[in-house]
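Everything on this sheet refers to the single structure shown next.
Residues: numbered from 1 along the sequence shown. None of these values were measured; they are calculated from a predicted model.
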Amino acid sequence: MLPWHQYIFGILFILAGANHFRTPKIYERIIPPYLPSPKMLTILSGIVEMILGFMLLNPDTQSSAAWGIIGLLVIFIPIHIYMLQNKKASLKMPMWALIIRLPLQFALMYWAYLYVL
């Protein structure tokens with residue numbers, strides 16, 4: 001049996017990934033212009049988030065999922081920086097919330113690292 005917080009983390013990623021399909025325009029807007037095909041990247045990242053979330057809920061794949069989540073969060077750092085730099089990409093979030101998202105990425109990476117065996 002997995003610890004309760006691992007279920008929460010896995011479900012969080014499953015729901016976050018599913019949200020890419022529920023409200024794709026939000027995610028497309030935060031993708032920096034130097035990256036190609038925001039629509040495809042939104043779909044792809046949503047699928048990857050959901051797969052990693054489900055993998056985290058399986059003891060046989062949790063370690064791979066944890067490393068995948070850490071990698072995904074590293075890849076997302078430029079998006080958070082772009083949101084800080086671009087008013088349209090900021091989604092009208094307050095500056096303090098945009099700033100706090102960067103260290104939050106590292107906290108989430110640490111949380112994922114807890115499930116590396």
Checklist outcome for this item: Nearest heavy-atom contact between H5 and W111 is O-CZ2, 3.5 Å
Checklist entry - Can you name the residues that form a ring-ring contact (aromatic ring centres under 6.0 Å, His included) with F13, not counting sequence neighbours? => result F9
Checklist entry - I11 and L104: same hydrophobic cluster, using ILVMFWY side-chain contacts below 4.5 Å? => result no
Can you give me every donor-acceptor pair (side chain of residues 23-36, partner residue at least two apart or in another chain, under 3.5 Å) with its distance?
unit_1 : atom_1 : unit_2 : atom_2 : d
T23    : OG1    : N19    : O      : 3.3
Y27    : OH     : N19    : ND2    : 2.9

Item to check | Interatomic distance, M95 atom CE to L98 atom CG [nearest 0.5 angstrom] | outcome: 6.0 Å
Checklist entry - Out of curiosity, does Y110 fall in the hydrophobic cluster containing Y115 (side-chain heavy atoms, cut-off under 4.5 Å, transitive links)? => result yes
Checklist entry - Once you round to the nearest 0.5 Å, how far does CG of L57 lie from CD1 of I14? => result 5.0 Å
Item to check | Residues which pass side chain to side chain contact (heavy atoms under 4.5 Å, CB included) with T61, listed by chain and number, not counting sequence neighbours | outcome: M55, N58
Checklist entry - Would you say W4 and L2 are hydrophobically clustered, going by side-chain heavy atoms of ILVMFWY under 4.5 Å? => result no
Checklist outcome for this item: So the ring pair (Phe, Tyr, Trp, His ring centres under 6.0 Å) pairs with at least one residue in residues 38-75 (sequence neighbours excluded) are W67-Y113
Item to check | Y7 with I69, same ILVMFWY side-chain cluster at under 4.5 Å | outcome: no
Next on the checklist: Using every non-hydrogen atom in the two residues, find where A112 and A66 come nearest and quote the distance to one decimal.
Outcome noted: O-CB, 3.1 Å
Would you be so kind as to tabulate the donor-acceptor pairs closer than 3.5 Å made by side chains of residues 72-86, with sequence neighbours excluded?
unit_1 : atom_1 : unit_2 : atom_2 : d
H80    : ND1    : R101   : NE     : 3.1
H80    : ND1    : R101   : NH2    : 3.2
H80    : NE2    : Q105   : NE2    : 3.1
Y82    : OH     : N86    : ND2    : 3.3
N86    : OD1    : K88    : N      : 2.9
N86    : OD1    : A89    : N      : 2.9

Checklist entry - Quick check: are there more than 12 heavy atoms from other residues, nucleotides or ligands sitting under 6.0 Å from CE of M40? => result no
Item to check | Common cluster, M109/I8, ILVMFWY with side-chain heavy-atom separation under 4.5 Å | outcome: yes
Which donor-acceptor pairs under 3.5 Å do side chains of residues 45-52 form with protein atoms, sequence neighbours excluded?
unit_1 : atom_1 : unit_2 : atom_2 : d
S45    : OG     : H20    : NE2    : 3.3
S45    : OG     : L41    : O      : 2.8
S45    : OG     : T42    : O      : 3.1
E49    : OE1    : G17    : N      : 3.2

